[in-house]
Every structure is written in C-alpha cells, then in structure tokens.
There are 2 protein chains.
Amino acid sequence: MKEYEIVPDPDAFGLSEVVSGVDHNGNDVELPVVVEKPLTLFLNKQEVVTMMTIGDYPEYLAVGYLLNQNMLQSDDIVTGVDYDEDLGVVVVRTPSKTDFEEKLKKKTQTSGCAQGTVFGDVMEKFDDITLDRDARLKTSWIYNLSKKINQLPSLYLKVGAIHGCVLCEEDKPLVYMEDVGRHNAIDKIAGYMWANKIGPKGKIFYTTGRLTSEMVIKTVQMQIPILISRSGFTAWGVDLACQSGMTLVGRAKGKRFQCLSGADRLEFDADPNQVADESKKFQRKAGQ
Amino acid sequence: MKEYEIVPDPDAFGLSEVVSGVDHNGNDVELPVVVEKPLTLFLNKQEVVTMMTIGDYPEYLAVGYLLNQNMLQSDDIVTGVDYDEDLGVVVVRTPSKTDFEEKLKKKTQTSGCAQGTVFGDVMEKFDDITLDRDARLKTSWIYNLSKKINQLPSLYLKVGAIHGCVLCEEDKPLVYMEDVGRHNAIDKIAGYMWANKIGPKGKIFYTTGRLTSEMVIKTVQMQIPILISRSGFTAWGVDLACQSGMTLVGRAKGKRFQCLSGADRLEFDADPNQVADESKKFQRKAGQ
C-alpha cells in the first residue's frame, strides 16, 4: 500500500461549518466547527444503531461498525451497502437474515470517547484472537508517525473537537480517518480494510484518543498487534492489551512515550533527544 | 450551597492503579492510570445498560443517568437505590413498573466523548424546556472558574485520561465530578442534584470535554442555562444551544473563550489581558 492512501480533506464540503458568536473581547467572531450528523445503520431489515458522524465514508463506517461489533464476520458475503444521504440511512445487505434481539438486550456502554455499544460476544471472540508475535515496532517509527500525522492537514488542526485514527505500516501513515468519536474513525478504517482486502499483517494502529478498553478491543478485533496513541491509558485498556499480547504505546508526544504492554516488540533505534517536541503546537490548536 | 461541596479525591482507593512498563528511554516506569469498571444499571427488574465508570458515586450515576435519559422524572418516587459492589450492579426502585421495550428499540449513539444512548423522547422533552432568561454570566466568573477548576487536585491532573464536570454558581465550583466519560460525570451531578434537591436556578455548568449535542441536551434536561467548556464545539451542539436559548461558551483557556449561543447573558466585567494563561500547564499534564 502507498503512503497517505487516504488522508483527511479538512476543506471538504459539509464536514465543518462556520458559526458566528463573540469572543473574550466581545468582538464578533466566525468560527469553523465540526459537523455531526445522525446516520442510522440497518443490517438487512434490522435497525442496528444511529451513529453521530461527520458523514464521510458512511459505507466504510457501516461495514466497519458491524465487523467490530462482531455482527458481521470478515468472510460473510455482503450483497450491497446502500447509503441514502437525504434519509441519513445506510443499509448493509447479506444473503442470510440475522437476528440481534438477544444481542440488543445485552449492550455495554463503553468508556470515554470510546463510543458505542459492545455486545456480549465481542469479548468471547477477543479471547480467540492471537496477535502476530513477530511484529516489530521501531521507536523511530513512533516518532516519524507522530510527526507525520501531527503535521498532516486535518479537521483536527482546522476545527478541533474531533478524533483521528490512522492505519500505518512501519513509519508510513496509510489510511487516516477522522470523526467526532474515535470509535467511528476506527470503524471506518475497519470497513476500508475489509472493502480493499487489506490484512493486519505488518500493520500498526495510531489513534489521537485515549487507550480505553474499547479501543483495545476493536484493535484486537482487527488483529492489529500494535496500538499507539498520543493520549493516556485506562487500567482496563492496559489489562486487555496484556491479555491479548498487544503492544500498547501511549502518551506519545515529542520524545516521550510509555509502553505498558508488549514492550518486547520494541526496537530502540532512535535517540529521543534528537526528537523535537511538536506536541504543544498541535495541542494548542486542538479543540479537545 | 458552599463552595467545593464535592471535589475529586484523586488518591481515593480504587480510582486509579499503578501499572508498570517502559518509557521512551527503555527504562522501567510505573504509571498511575485511571480505572474503568463495568456498572450494570437496573430500573426495578429492567436491565437498562452497563456503563464503564471509575466507580465512585454509583447511586448518583444511576439516578442521574435515568433522569437525563428521561426514563425517570424528577418528581417520580424512588423507593430505593441499591448498589452491590461485588456484582457491579445498581438497582433503582420505583413503586410503578416501567417498560423500556419501545425505548430500547430506538437508541441513538451520540458523538465523541458524549457517551451513551439517547432515546427518542429525550428530544421531545428538550423542546418543552425553557431556560432561565434572566441568568447572567460575568466574564470574571469564567476566568475564576477555569482557574479554580484547573488548579484543584483531580484525577485529571494525577493520571489524565478522564473528564470532569462541575456544577457552579457565579464563580464558585460547587460539585466537581470526574469519570472516564464526561456523560457519566454529568449524570453523577444530575443524581447528586436530585438527591439533595438542588435546583438549576443560578447554576452554571462547566465541563472539560467537547460541547457535543449530548452535552447540550443533558444540560438542558437539567434546566441549566449556561454551559462552559475549555474544549471545542460541534455544529449540532451549537444548533441545539441556540434552539434552547442556552449560553454556550467554549475553548475557555487562559484569557480566551468563544460564546456561540446566548451571548446576551454575558457581562464583560473582566480585562482579558489581566488573565494569566494557565492552560498549557494543565494540558501537558493531561492524558487526553
């Protein structure tokens, strides 16, 4: 895959809009803010959920959500994904009918930005997944990825109040998706990987958001063995990463990071003191 | 109410735990990280949802969740709130049985950190609520609240990766709750207000998190006319604030803020240039 295959398009129509107000001096201001729109997902005739999203890549979001919720298996046949922008509806069609009555009874709200409903059997599948033990993570990749991702034009830098997720390989960002919730951004990448038959082999996942239980669960669902974030950890996120043998790197800002699981995959090939601290600049621009 | 009636207790047992790993130099590190635990909420015999929470104030969280989801009305009789720590279950009991079958069919996942499931009739109630037009917001209060809240010892400053919500009056923080998702923090405050018969009159709501649609909806549910955040906006959050006549202030950091709805409540009584920029210090400590 080539670097920057998918990157944010911060100026795309409809992803942000300008609203007016006053600032701290009482002066009129016009401010671009990120858009969130409801998107209702159906699997065949079954309404599954209504998600709030910036609205790009609804088809990838729909399929990725179903895959990461274990409602759809990667080898399932999908006969169509139909998106109706006016209705705000996306329908994923499969030959065989599915029934979520039981699953919908057992829904778990997950923490923080890790939006969404995780169903009972997600954790069952979690235990069956073995992540690639031979995957490596050079510390120079962590620094290069952070710098490239932070400097790439994005809705985050333009309007803030948004999360990003990036599928990477070595020090190359491949697919960079943003959304109001990072759960949507990761689901859009899962959908993109499925649609383009991209496997987890050699892949690294980067997120701007916190390393909560749900982010670890979804990354394991996607069988990606390495998860990096510039944000912090939750204890259960760390527990799950240890259980699954994932390499979990957080608070990756400037020269600093901490690895709280799977440090055996790390190769310290970079001198941290040669890394300029870019983080504050981007923090300041962010609306988070 | 007195200032600092409820404040974070960052050293309380069980809210954070120390995990070990390696840092960017390959040195062993021990890092405190925030805990997230599942808490399953029942309304009488009906299982409603399982929430991920730091686990303090489960009774307030339970009642506040039901109030903010419109499953419970503020004048409903509650005969008991029973919390079983070992089971991770909290049961809210009412004399009359309730049935959520229809509501559970229509669930909306809301954006970003604004975690959780908003049911169809929440928006109906939203339109019926009139916020106090006479409420005022002095800009000196915005600066004083931001400074007091940023400097108060908290899990945010200790371990990061957590959100805070604060019920305020003028420039006094009254009830400061934190949780892995700010939706939990606001629900805990709603539960506290209900349990202690605290009305919305004269109150101001502060959150560390983004001003998404759900934060505005919940603040309107609580009939609080003023919502302040140090984070950014989403377009629908701004739309809803305008619809409801709420005063919405975001990106309140150092001397800066923007007011994108209800600016008529603002009184510019402070000189922004006299305000020291404290924000970077706290951003740097944060794991968000």
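Proteins come first, then strands; the chains are lettered A, B, ... in the order of their sequence lines, and each starts at number 1.
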Notebook entry, point to check: More than 12 foreign heavy atoms under 6.0 Å from NZ of A:Lys37: is that the case here?
Noted result: yes
Checklist line | Heavy-atom side-chain contact between A:Leu260 and B:Leu31 under 4.5 Å | finding: yes
Notebook entry, point to check: Which atoms form the tightest heavy-atom contact between A:Phe268 and B:Asp23, and what is the distance?
Noted result: CE2-O, 3.6 Å
Checklist line | Region of A:Leu266 in contact with chain B, defined by heavy-atom distances below 4.5 Å | finding: side chain
Checklist line | chain A contacts, top residue of B:Asn25, B:Thr139, B:Val238, B:Val29 (heavy-atom pairs, under 4.5 Å) | finding: B:Asn25
Notebook entry, point to check: How long is the span from the NE2 atom in B:His24 to the CG atom in A:Asn273, to the nearest 0.5 Å?
Noted result: 7.0 Å
Next item on the list: Could you tell me whether a side-chain N or O of A:Arg210 sits under 3.5 Å from a main-chain N or O of B:Gly160, the two making a donor and an acceptor?
Entry: no
Checklist line | Heavy-atom pairs under 4.5 Å with chain B, option from A:Ser16, A:Ala263, A:Gly26 with the top count | finding: A:Gly26
Notebook entry, point to check: Is B:Val33 close to A:Leu211 at the side-chain level, that is, under 4.5 Å between some pair of heavy atoms?
Noted result: no
Next item on the list: Could you tell me which non-hydrogen atom of A:Ala161 sits nearest to which non-hydrogen atom of B:Gly232, and how far apart they are?
Entry: CB-C, 4.1 Å
Checklist line | Distance-only polar pair, side chains of A:Glu36 and B:Ser213, donor-acceptor under 3.5 Å | finding: yes
Notebook entry, point to check: In terms of heavy-atom pairs under 4.5 Å with chain A, which of B:Ala252, B:Cys259, B:Ser20 leads?
Noted result: B:Cys259
Item checked: Per-residue contact mode, A:Phe257 against chain B (heavy atom under 4.5 angstrom) -> both
Next item on the list: Report yes if the side chains of A:Thr212 and B:Val180 come closer than 4.5 Å at any heavy-atom pair, otherwise no.
Entry: no
Check: Got a second to check how far A:Glu17's CD is from B:Thr234's OG1, nearest 0.5 Å?
Finding: 9.5 Å
